[in-house]
Amino acid sequence: WMAAEYPERVGALVLAAPSASCQSLNRLDELLATPLLGSALATGAFIGLGLTLKLGAARHRISNGFGVPEDYLLSYSRTLLNPLIWHSFAVEQRTLTRELPELEMRLGSISAATTIVTGTADRIVSPASARALAARIPGAHLVQLRRASHLLLQERPVELAELIVGAASEAATAASAAGQDSLGSG
């Protein structure tokens with residue numbers, strides 16, 4: 001939203017596994033956004049996964065399958081068992097489904113240099129959805145990380161950090177050059 005509403009405040013965007021187009025939504029998103037039922041389903045899923053991640057054998061299997069460290073999964077189990085997280089997820093899901101159509105209509109007005117990062121194995125936000133998003137933002141650059149899922153920050157933190165630092169560096173260089181141009185032309 002900020003890049004569309006206040007373009008002068010945003011020098012660059014790096015969107016990691018973004019749900020930023022209606023194409024990224026599916027029936028499960030709509031179901032999870034349903035008041036009461038969605039909250040109950042999310043709460044049950046979070047509790048179930050949180051308890052599962054506390055079990056060593058299950059955590060080991062998930063760690064091996066997704067390439068996520070076991071200690072991270074154990075820590076994440078505590079997060080999943082926090083009632084505030086359940087509520088936050090439900091609110092975010094309802095907001096996403098309600099506001100995404102309007103945001104999608106404004107994607108073409110984004111002027112900040114934009115990098116969209118997606119995993120080729122993402123089952124939450126499909127690579128096709130990321131490609132469609134990149135096509136709607138002028139000049140957007142799509143980076144697809146091979147064999148990465150939706151958990152880019154956990155699976156590929158170094159590559160994601162490098163992309164963020166690179167985007168920030170390019171934005172700073174562009175801002176500096178624009179400031180010098182405006183100073184030199186007056």
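Predicted, not measured: the structure shown is a model, and the values here were computed from it.
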Original post:
Should the pair Arg106-Glu5 be classified as a salt bridge under the 4.0 Å nitrogen-to-oxygen rule?
Top reply: yes
Original post:
Taking a hydrophobic cluster as the set of Ile, Leu, Val, Met, Phe, Trp and Tyr residues connected by side-chain heavy atoms closer than 4.5 Å, whether directly or through intermediates, do Leu49 and Ile85 fall within one such cluster?
Top reply: yes
Subject >> Side chain proximity check, Leu80 to Ile47, heavy atoms < 4.5 angstrom >> reply: no
**OP:** Please report the shortest heavy-atom distance between Ser77 and Leu53, naming the atom on each side.
**Re:** CB-CB, 3.6 Å
Original post:
Are Leu74 and Tyr72 grouped together when hydrophobic residues (ILVMFWY) are joined by side-chain heavy atoms under 4.5 angstrom apart?
Top reply: no
Original post:
Can you name the closest pair of heavy atoms from Ser24 and Ser129 and give their distance?
Top reply: CB-OG, 3.1 Å
Original post:
Do Glu30 and Thr34 meet the criterion of a side-chain donor-acceptor pair at a distance under 3.5 Å?
Top reply: no
**OP:** List the steps and the verdict of side-chain contact (heavy atoms from CB on, under 4.5 Å) for Leu145 and Thr120.
**Re:** CA-CA 6 Å; Leu145 301 180; Thr120 59; over 6 Å; no
Subject >> Phe46 vs Leu81 side-chain heavy atoms within contact, under 4.5 Å >> reply: no
Subject >> Closest heavy-atom pair and its distance - Arg156, Arg146 >> reply: NH1-O, 2.7 Å
**OP:** Indicate if Leu28 and Leu36 have the same hydrophobic cluster label, given that clusters are the connected sets of ILVMFWY residues with side-chain heavy-atom separations under 4.5 angstrom.
**Re:** no
**OP:** Side-chain contact test, heavy atoms from C-beta onward, threshold under 4.5 Å: evaluate it for Gln144 versus Pro127 and give yes or no.
**Re:** yes
Original post:
Between Val117 and Pro18, which heavy-atom pair has the shortest distance, and what is it?
Top reply: O-CD, 3.9 Å
**OP:** Quick one: pull up CG in Leu133 and OG in Ser19 and give me the separation to the nearest 0.5 Å.
**Re:** 9.5 Å
Original post:
Counting distance only, does the side-chain N/O of Asp29 pair as donor-acceptor with the main-chain N or O of Asn26 below 3.5 Å?
Top reply: yes
Original post:
Roughly how far, to the nearest 0.5 Å, is the CG atom of Asn82 from the NE2 atom of His87?
Top reply: 12.0 Å
Original post:
Where do Arg136 and Ser21 land on the side-chain contact (heavy atoms from CB on, under 4.5 Å) test, with the steps shown first?
Top reply: CA-CA 9 Å; Arg136 300 210 49 193; Ser21 70; 5.7 Å; no
**OP:** Can you see which heavy atom on Ala134 is nearest to which on Ala140, and at what distance?
**Re:** O-CB, 3.5 Å
Subject >> His141 and Ile116, any side-chain heavy atoms less than 4.5 Å apart >> reply: no
Original post:
So, Glu70 side chain and Ser63 main chain: donor-acceptor pair closer than 3.5 Å or not?
Top reply: no
**OP:** State, yes or no, whether a side-chain contact exists between Val143 and Thr118 at a heavy-atom distance under 4.5 Å.
**Re:** no
Original post:
Does any pair with a residue in residues 97-117 pass ring pair (Phe, Tyr, Trp, His ring centres under 6.0 Å), and if so which ones, sequence neighbours excluded?
Top reply: none
Original post:
Within the distance-only criterion (no hydrogens, no angle test), does the side chain of Ser88 pair as donor or acceptor with the backbone N or O of Leu84 below 3.5 angstrom?
Top reply: no
**OP:** Please indicate whether Phe89 has more than 12 foreign heavy atoms, meaning atoms of other residues, nucleotides or ligands, lying under 6.0 Å from its CZ.
**Re:** yes
**OP:** Hey, could you give me the CD1/OG1 distance between Ile62 and Thr52, rounded to the nearest 0.5 Å?
**Re:** 6.5 Å
Original post:
Looking only at heavy atoms, which two atoms of Ile137 and Thr114 are closest? And how far apart?
Top reply: CG2-OG1, 3.7 Å
Original post:
What's the spacing between Asp71 CG and Arg59 CZ if we round to 0.5 Å?
Top reply: 9.0 Å
**OP:** Report yes or no: do Leu15 and Leu163 belong to one cluster of Ile/Leu/Val/Met/Phe/Trp/Tyr joined by side chain heavy-atom distances under 4.5 Å?
**Re:** no
Original post:
Counting N and O atoms only, with roles assigned by atom type, does the side chain of Ser176 sit under 3.5 Å from a partner on the main chain of Ala172, one being a donor and the other an acceptor?
Top reply: no
**OP:** Starting at CD of Glu155, measure out to CG of Leu153 and round the result to the nearest 0.5 Å.
**Re:** 10.0 Å
Subject >> Co-membership, hydrophobic cluster, residues Leu107 and Leu13, 4.5 Å side-chain >> reply: yes
Original post:
Out of curiosity, Leu151 CG to Ile124 CD1, how far, rounded to the nearest 0.5 Å?
Top reply: 8.0 Å
Output side-chain donor-acceptor pairs under 3.5 Å for residues 95-102, partner residues at least two apart or in another chain, one line each.
residue, atom, partner, partner atom, Å
Thr95, OG1, Val91, O, 2.9
Thr97, OG1, Gln93, O, 3.3
Thr97, OG1, Arg94, O, 3.2

**OP:** Take Tyr6 and Glu8, measure what side-chain contact (heavy atoms from CB on, under 4.5 Å) needs, and give me the verdict at the end.
**Re:** CA-CA 5 Å; Tyr6 305 101; Glu8 71 281 359; 3.9 Å; yes
